[in-house]
Structure formats: C-alpha cells, structure tokens
Amino acid sequence: MPELPEVELTRRSLERAVVGKSIERVEIRAPKLRLPIPAELATLLAGRTIRSVARRGKYLLFDCETGWLIIHLGMTGFLRHIPDPALPGKHDHLDVRLTDGSALRLHDSRKFGTVIWTTDDPLTHPLLAGIGPEPLTPAFGGDYLFRVSRSRRVAVKLLIMNAALLAGVGNIYANEALFRAAIRPDRLACSLTQEECDRLALTIQEVLRESIEQGSTYRVAEETTAYHPLEFAVYGRGKGLCTRCNGALEEIRLGNRSTVFCSRCQK
DNA sequence: AGAATTACCTGAGCGC
DNA sequence: TGCGCTCAGGTAATTC
C-alpha cells in the first residue's frame with residue numbers, strides 16, 4: 001500500500017528513468033479505475049517530452065509540456081519503468097510507451113488508482129487543492145498539529161490520516177508514528193497537549209524519513225519498487241508482543257482500519 | 001463544520 | 001475442490 005515514502009521512492013526512481021524522454025504512444029487497457037482514464041490521453045501525450053516528476057501527497061505529477069499527467073497509486077498500484085516492455089500482464093492497465101523502446105507501466109490489481117490529465121497548475125486541481133501540508137516540510141510541525149486538533153473530537157490516528165489536514169500519511173505510518181510517540185491511537189485529537197503534538201509531529205517525520213532512506217537501498221538491490229521496506233513495530237503485528245515492554249499488543253478498529261498499539265507504552 | 005458511513009475493486013486466507 | 005465469507009485500505013461522496 002503506497003503511502004508517502006513509497007510514492008516518493010517511485011518518484012525518485014522514475015525521475016532518473018524517464019525525465020527528458022519522449023512519449024511515443026499510450027496504451028490504455030483498463031479504461032475504468034476509480035475514475036475513468038481519459039481516453040484522449042493517447043492523443044494528448046503522443047510526441048510530448050516528460051520534463052519532470054513531482055509529488056504532492058500521494059500523487060505523482062508528470063510535467064508533459066502541454067499539461068500534467070497526475071497519477072495516484074491507490075491501494076495496490078505500482079508505476080514502473082520497464083526497459084524492455086514485453087506483453088503486458090494481468091492488471092497492467094496503462095502503458096506510456098517511450099521513444100527509446102521503454103515504457104512507463106501502471107499495474108493496479110484493485111483499481112483504486114487514479115489517472116488525471118490537466119492543463120492547469122496541477123496543485124489547483126480539485127483533487128489536489130484541498131490536501132494538507134507536506135509532513136516533511138516546515139509547513140508541518142507540532143504547532144500545526146496542536147492548532148488543527150483543538151476543535152476535533154476524533155481519534156488522533158484518524159486526524160493524522162486525514163489528507164485534508166496532512167498529506168501522505170496512511171494506516172501503516174500512522175500506527176508506527178503513534179507507537180513511537182507513545183500516544184494511544186484512540187485518544188481524542190483535542191485531548192493532546194502541545195508537548196504531545198510536538199512529539200507526534202517529530203515521530204511522523206522520523207518514520208517517513210527512515211522508510212524513504214531504507215527503502216532506497218532496498219529498492220536498488222531488488223530493482224523494483226518495493227512497498228514497506230521498514231520493519232514495523234506495531235503494524236501487522238496484532239497478535240505479537242510490544243518491542244519495548246514485551247507486553248501483548250492490542251488490535252482495535254478505528255474508522256474501519258486495523259489499529260495496533262501497546263496500552264502499556266502508549267497513553 | 002465536523003464526524004461517521006459507504007462505495008469502489010480484487011486477491012488472499014479461512015472454515016466447512 | 002470450491003463456495004462464501006472476511007479482510008486489506010486510499011479517498012471521494014454521501015449522510016447525519
């Protein structure tokens with residue numbers, strides 16, 4: 001499940017692989033993802049050069065001279081540069097074929113991904129305009145978290161996963177950051193102190209940064225875009241023991257998401 | 001305004 | 001073997 005680190009690693013990898021290259025043609029095999037892939041993409045992209053690859057939250061933004069190709073990987077999406085594209089496999093929904101014979105290939109079994117074309121500033125697109133600050137920039141920090149949480153009677157885990165308040169944090173890193181910050185995920189956001197918000201903002205940045213750093217080495221070795229290179233302290237370990245106190249971890253559901261924490265370490 | 005719920009989709013794993 | 005069920009979860013839309 002791509003969250004910010006996985007999307008950022010994808011961005012870095014594709015930046016190296018496709019910037020400066022020209023698009024020959026586009027093959028759309030599954031026209032209907034979460035939103036329909038624009039059919040006119042083939043006409044719009046043929047002959048364009050990819051000038052840059054940027055990221056906003058979990059969205060990848062490709063500058064294609066006359067407009068922007070925006071791609072969200074949803075739950076199960078992979079976007080890879082395929083040097084020698086053979087016959088596409090199952091769930092390979094979109095190929096952007098480049099003039100050097102390689103291809104940018106979107107694979108997404110669950111079809112929760114999104115492919116958008118816009119000629120405007122991509123950051124003003126309706127799906128991107130309302131996204132909260134990037135967690136790894138000065139726009140985000142304990143003060144911001146404290147301020148936006150004052151009026152929110154919602155579990156703090158749901159608050160940090162709310163894309164309108166904070167970009168890029170999904171279920172995995174929300175679980176991990178709260179464990180590191182020693183804060184229970186079901187605490188009401190408005191009950192957090194300034195000091196707790198400072199701590200949580202810091203651990204959110206830590207887990208994202210570490211995942212990007214560790215992921216990059218992992219990915220180079222595997223020559224693929226791997227998800228979740230980190231070894232997790234709580235995520236996916238609902239039946240296990242706390243790595244800090246050795247007590248039994250607890251698993252609950254918040255907003256229909258699996259949530260794992262240690263009630264001894266997290267208050 | 002903010003909170004809660006639902007829909008979208010497929011593969012894996014499980015009990016029977 | 002296969003059926004039916006649950007779970008995985010990002011996000012927009014809808015409802016309260």
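The structure displayed is predicted, hence computed values, not measured ones. All chains are named by letter (A, B, ...) in the order of the sequence lines, taking the proteins before the strands, and each is independently numbered beginning at 1.
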Worksheet item: Does A:Lys90 put a side-chain nitrogen or oxygen below 4.0 Å from OP1 or OP2 of B:dG11?
Response: yes

Worksheet item: So, A:Phe112 and C:dT11: ring centres less than 5.5 Å apart, planes less than 30° off, yes or no?
Response: no

Item to complete: Using whole Å, report how far CD1 of A:Ile131 lies from P of C:dT11.
Response: 7 Å

Worksheet item: Is a salt bridge present between A:Arg12 and A:Glu15, judged by a nitrogen-to-oxygen distance below 4.0 Å?
Response: no

Practice prompt. Give a yes or no on whether a salt bridge exists between A:Arg97 and A:Glu24, defined as a side-chain N under 4.0 angstrom from a carboxylate O.
Written response: no

Worksheet entry | Whole-Å gap separating P (B:dA3) and CG (A:Leu254) | 14 Å

Discussion item. Can you list, in residue-number order, the parts of residues 145-161 of chain A that come under 4.0 Å of DNA chain B, counting heavy atoms only?
Written reply: A:Ser151, A:Arg152, A:Arg153, A:Val154

Worksheet item: Is A:Glu176 salt-bridged to A:Arg180, going by a charged N under 4.0 Å from an acidic O?
Response: no

Item to complete: Compare the minimum distances between each of C:dA8, B:dC9, C:dT11 and the side chain of A:Lys111, then state the nucleotide with the smallest one.
Response: B:dC9

Practice prompt. Treating a pair as Watson-Crick (purine N1 to pyrimidine N3 plus N6-O4 or O6-N4) or G-U wobble (N1-O2 and O6-N3) with both distances under 3.5 Å, list the stems of 3 or more consecutive pairs that involve DNA chain B.
Written response: B:2-8 with C:10-16, B:10-16 with C:2-8

Discussion item. Rounded to the nearest 0.5 Å, what separates atom CG in A:Leu208 from atom CD in A:Glu6?
Written reply: 9.0 Å

Fill in: B:dG11 OP1/OP2 closer than 4.0 Å to side-chain N/O of A:His91
yes

Worksheet item: Should A:Leu106 and A:Leu33 count as side-chain neighbours, where that means a heavy-atom distance under 4.5 Å?
Response: yes

Practice prompt. Please measure how far the P atom in B:dA1 lies from the corresponding atom in C:dT11, and state the result in whole Å.
Written response: 22 Å

Fill in: Main-chain N/O of A:Asp108 paired to A:His93 side chain as donor or acceptor, under 3.5 Å
yes

Worksheet item: Out of curiosity, does A:Phe62 fall in the hydrophobic cluster containing A:Leu41 (side-chain heavy atoms, cut-off under 4.5 Å, transitive links)?
Response: yes

Item to complete: Determine whether any donor atom in the side chain of A:Arg253 lies under 3.5 Å from an acceptor atom in the base of C:dT6, or the reverse, and answer yes or no.
Response: no

Worksheet item: How close or far is atom C1' of B:dT10 from atom CZ of A:Phe78, stated in whole angstroms?
Response: 14 Å

Discussion item. Rounded to whole Å, how long is the line connecting atom OH of A:Tyr235 with atom C1' of C:dG10?
Written reply: 12 Å

Worksheet item: Looking only at atom P, what distance separates C:dT6 and B:dT6, rounded to whole Å?
Response: 14 Å

Practice prompt. For the pair A:Arg29 and A:Asp95, find out whether any cationic side-chain nitrogen is under 4.0 Å from an anionic carboxylate oxygen.
Written response: yes

Worksheet item: Excluding sequence neighbours, so at least two apart, what forms side chain to side chain contact (heavy atoms under 4.5 Å, CB included) with A:Pro83?
Response: none

Practice prompt. Might you confirm whether atom CZ of A:Arg153 has over 12 heavy atoms from other residues, nucleotides or ligands at distances under 6.0 Å?
Written response: no

Worksheet, complete the sentence: Residue set satisfying side chain to side chain contact (heavy atoms under 4.5 Å, CB included) with A:Ala167, at least two apart, ordered chain then number -> A:Arg56, A:Ile131, A:Glu134, A:Pro135

Worksheet item: If you measure from the P atom in C:dT14 to the same atom in B:dC9, how many Å do you get, rounded?
Response: 16 Å

Discussion item. Using a 4.0 Å heavy-atom cut-off, does A:Thr114 contact any base of the nucleic acid, only the sugar-phosphate backbone, or nothing at all?
Written reply: nothing

Please tabulate, for side-chain N and O atoms in residues 254-267 of chain A, each donor-acceptor pair with protein atoms closer than 3.5 Å (sequence neighbours left out).
from: A:Arg257; atom 1: NH1; to: A:Gly255; atom 2: O; distance (Å): 3.0
from: A:Thr259; atom 1: OG1; to: A:Lys157; atom 2: NZ; distance (Å): 2.9
from: A:Thr259; atom 1: OG1; to: A:Arg257; atom 2: O; distance (Å): 3.1
from: A:Ser263; atom 1: OG; to: A:Glu250; atom 2: OE2; distance (Å): 2.6
from: A:Gln266; atom 1: OE1; to: A:Cys262; atom 2: N; distance (Å): 2.8
from: A:Gln266; atom 1: NE2; to: A:Leu178; atom 2: O; distance (Å): 3.3
from: A:Gln266; atom 1: NE2; to: A:Ile183; atom 2: O; distance (Å): 2.9
from: A:Lys267; atom 1: NZ; to: A:Ser263; atom 2: O; distance (Å): 3.1

Worksheet item: Taking atom types as modelled, is there a side-chain donor on A:His81 or A:Ser13 under 3.5 Å from an acceptor on the other?
Response: no

Item to complete: May I ask you to evaluate whether A:His72 reaches the phosphate of C:dT11, defined as a side-chain N or O under 4.0 Å from OP1 or OP2?
Response: yes

Worksheet item: Taking atom C1' of B:dC14 as reference, at what distance in whole Å does atom NZ of A:Lys239 sit?
Response: 13 Å

Worksheet entry | OP1 or OP2 of C:dT11 under 4.0 Å from side-chain N/O of A:Lys58 | yes

Discussion item. Rounding to an integer number of Å, can you tell me how far A:Asn171 CG sits from C:dA8 P?
Written reply: 9 Å

Worksheet item: What integer distance in Å separates A:Asp108:CG from B:dC8:C1'?
Response: 12 Å

Discussion item. Classify A:Leu33 by what it touches in the nucleic acid, base, sugar-phosphate, or nothing, heavy-atom distance under 4.0 Å.
Written reply: nothing

Response to the item:
Ordered by number, residues from residues 34-42 of chain A within less than 4.0 Å of DNA chain C (heavy atoms) are A:Arg34

Practice prompt. Round to a whole Å and report the spacing from CG of A:Asn256 to C1' of B:dA4.
Written response: 11 Å

